[in-house]
Amino acid sequence: GNVLHKIGTFATAGYQDGNFDEAKFNCPQGVAWLDQKTLFVADTENHVIRMIMLEQRKVQTIIGTGVQGTDVVGGNEPLQQAISSPWDVVVYKTKNLDMSFHEDDSQVPQKDVLVIAMAGTHQIWAYFMEQTIWWRYQVQNANSLIPIAGNGEERNRNNDYPKQASFAQPSGICLLRDTQEVFIADSESSSIRKMSLITGKVSAVVGGANNPMNLFAYGDVDGEKYSARLQHPLGLAHHPNSSSVVFVADTFNNKIKKINVQANSIQTMKIVDENGAAFVFNEPSALCATPDAAHLIVLNTNCHELVKINLTTLIASVSYTHLTLPTIYSV
């Protein structure tokens, strides 16, 4: 619970690069580590991606102009590419997808790709940090930025061809490295979907409707695939020790749920407080599991607190309170 870094100007929204004390954010949402020294931030209402360098104690914009864009094609230089409401980010490490054979895959160089849930244009984008041979043998140059899934239409449309799929405000994303899939909280369709990072195929997981035009299939029902119901989920996290479990912050239902990704089923977690009573969430929006898989950390947004859940007992306790946006905290 000890605060290690406070990054950003306290209680003052804005857009400014610089050291930790002078930098400003505006509703930052998702974060992802590149390494132990470098953190990416989806600075949502500034419509930019920021990079935090812990050793230098600096914040730097790497993607976006600071003005909301409507472009669904991309391809401009990252700092000249206007983007729209980036919500979450994950770092994906991949070898070149050129079908070449290697006797020892562990010796094959890995390329870093930043995958972005672009809520404003209803797409998934990617920032290629190095030259990368991508799907269908397409060469993506270093420092290039393009949408990789979604055509910009506000729909819940799955497809084998990623550019023909459609999303409806994709928000939280998480990466399952074992299966090389990104799971997506598609908030406006109240569904969880997934995208293969090997082929780009977009598939249904749980929630939503089979009709891609129906964005009103919401509710609060545990179950499988389209029989399940969620309401505006925002956050996702993978289980560190299981390739079949994804946790969901079902935001407008004020619940934390667990997905079995192999069965395409979802179940509400029966979380209690230290006295055994049902723990009260108020629009939880983000979550992550600790590396040892012992606890789940939940941002209980409207209570301005971090909640720690023991994944064995499902007992929750408040580990940090009085949080104020838009500051980024590291604990």
inquiry  = According to salt bridge (charged side-chain N to carboxylate O under 4.0 Å, His left out), who are the partners of Asp160, at least two apart in sequence or on a separate chain?
reply    =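 Expected list: Lys201.
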
remark   = The salt bridge (charged side-chain N to carboxylate O under 4.0 Å, His left out) partners of Lys93 (sequence neighbours excluded) come to Asp112

Supply the members, apart from [X], of the Ile/Leu/Val/Met/Phe/Trp/Tyr cluster built from side-chain contacts under 4.5 Å; use none for a lone residue.
| X | value |
| --- | --- |
| Val272 | Ile315 |
| Phe216 | Tyr218 |
| Phe40 | Leu34, Ile49, Met51, Met53, Ile62, Ile63, Ile83, Val89, Val91, Leu114, Ile116, Met118, Trp125, Tyr127, Met129, Leu145 |

message = What's the separation between atom CD in Glu181 and atom CZ in Arg177, rounded to the nearest 0.5 Å?
response =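 Result: 13.5 Å between the selected atoms.
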
request  = Please determine if Arg193 and Asp186 form a salt bridge, counting it only when a charged side-chain N lies under 4.0 Å from a carboxylate O.
outcome  =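 Looking at Arg193 and Asp186, the cut-off is met.
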
Backbone of [Y] reached by a side-chain donor or acceptor of [X] within 3.5 Å:
| X | Y | result |
| --- | --- | --- |
| Glu154 | Gln169 | no |
| Asn300 | Cys303 | no |
| Thr44 | Pro86 | yes |
| Ser242 | His239 | no |
| Asn159 | Tyr161 | yes |
| Ser243 | Asp178 | no |

inquiry  = Could you walk me through whether Arg50 and Asp17 satisfy the salt bridge (Lys or Arg N to Asp or Glu O under 4.0 Å) test, starting with their C-alpha distance in whole Å, then the side-chain angles of each, then the deciding distance to 0.1 Å, before giving a yes or no?
reply    = CA-CA 9 Å; Arg50 318 288 288 279; Asp17 288 342; 2.9 Å; yes

ask   = Between Asp220 and Gln231, do the side chains contain an N or O donor and an N or O acceptor separated by less than 3.5 Å?
value = no

Short side-chain donor-acceptor distance under 3.5 Å, Asp222 and Thr268 =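 Looking only at side-chain atoms, Asp222 and Thr268 do form a donor-acceptor pair, the distance falling under 3.5 Å.
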
query = Listed by chain and number, what are the ring pair (Phe, Tyr, Trp, His ring centres under 6.0 Å) partners of His295, not counting sequence neighbours?
reply =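 Partners of His295 by the ring pair (Phe, Tyr, Trp, His ring centres under 6.0 Å) criterion come out as none, since no residue qualifies.
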
Candidate pair Glu130 and Lys111, rule salt bridge (Lys or Arg N to Asp or Glu O under 4.0 Å), full reasoning = CA-CA 6 Å; Glu130 307 165 75; Lys111 308 299 181 74; 5.4 Å; no

request  = Verify the cluster assignment for Val206 and Val246: are they in a single hydrophobic cluster under the rule of side-chain heavy atoms below 4.5 Å apart?
outcome  =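 Same cluster: Val206 reaches Val246 through Ile, Leu, Val, Met, Phe, Trp or Tyr contacts under 4.5 Å.
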
inquiry  = Check the orientation of Phe128 and Trp134. Use parallel for under 30°, tilted for 30 to 60°, and perpendicular for over 60°.
reply    = perpendicular

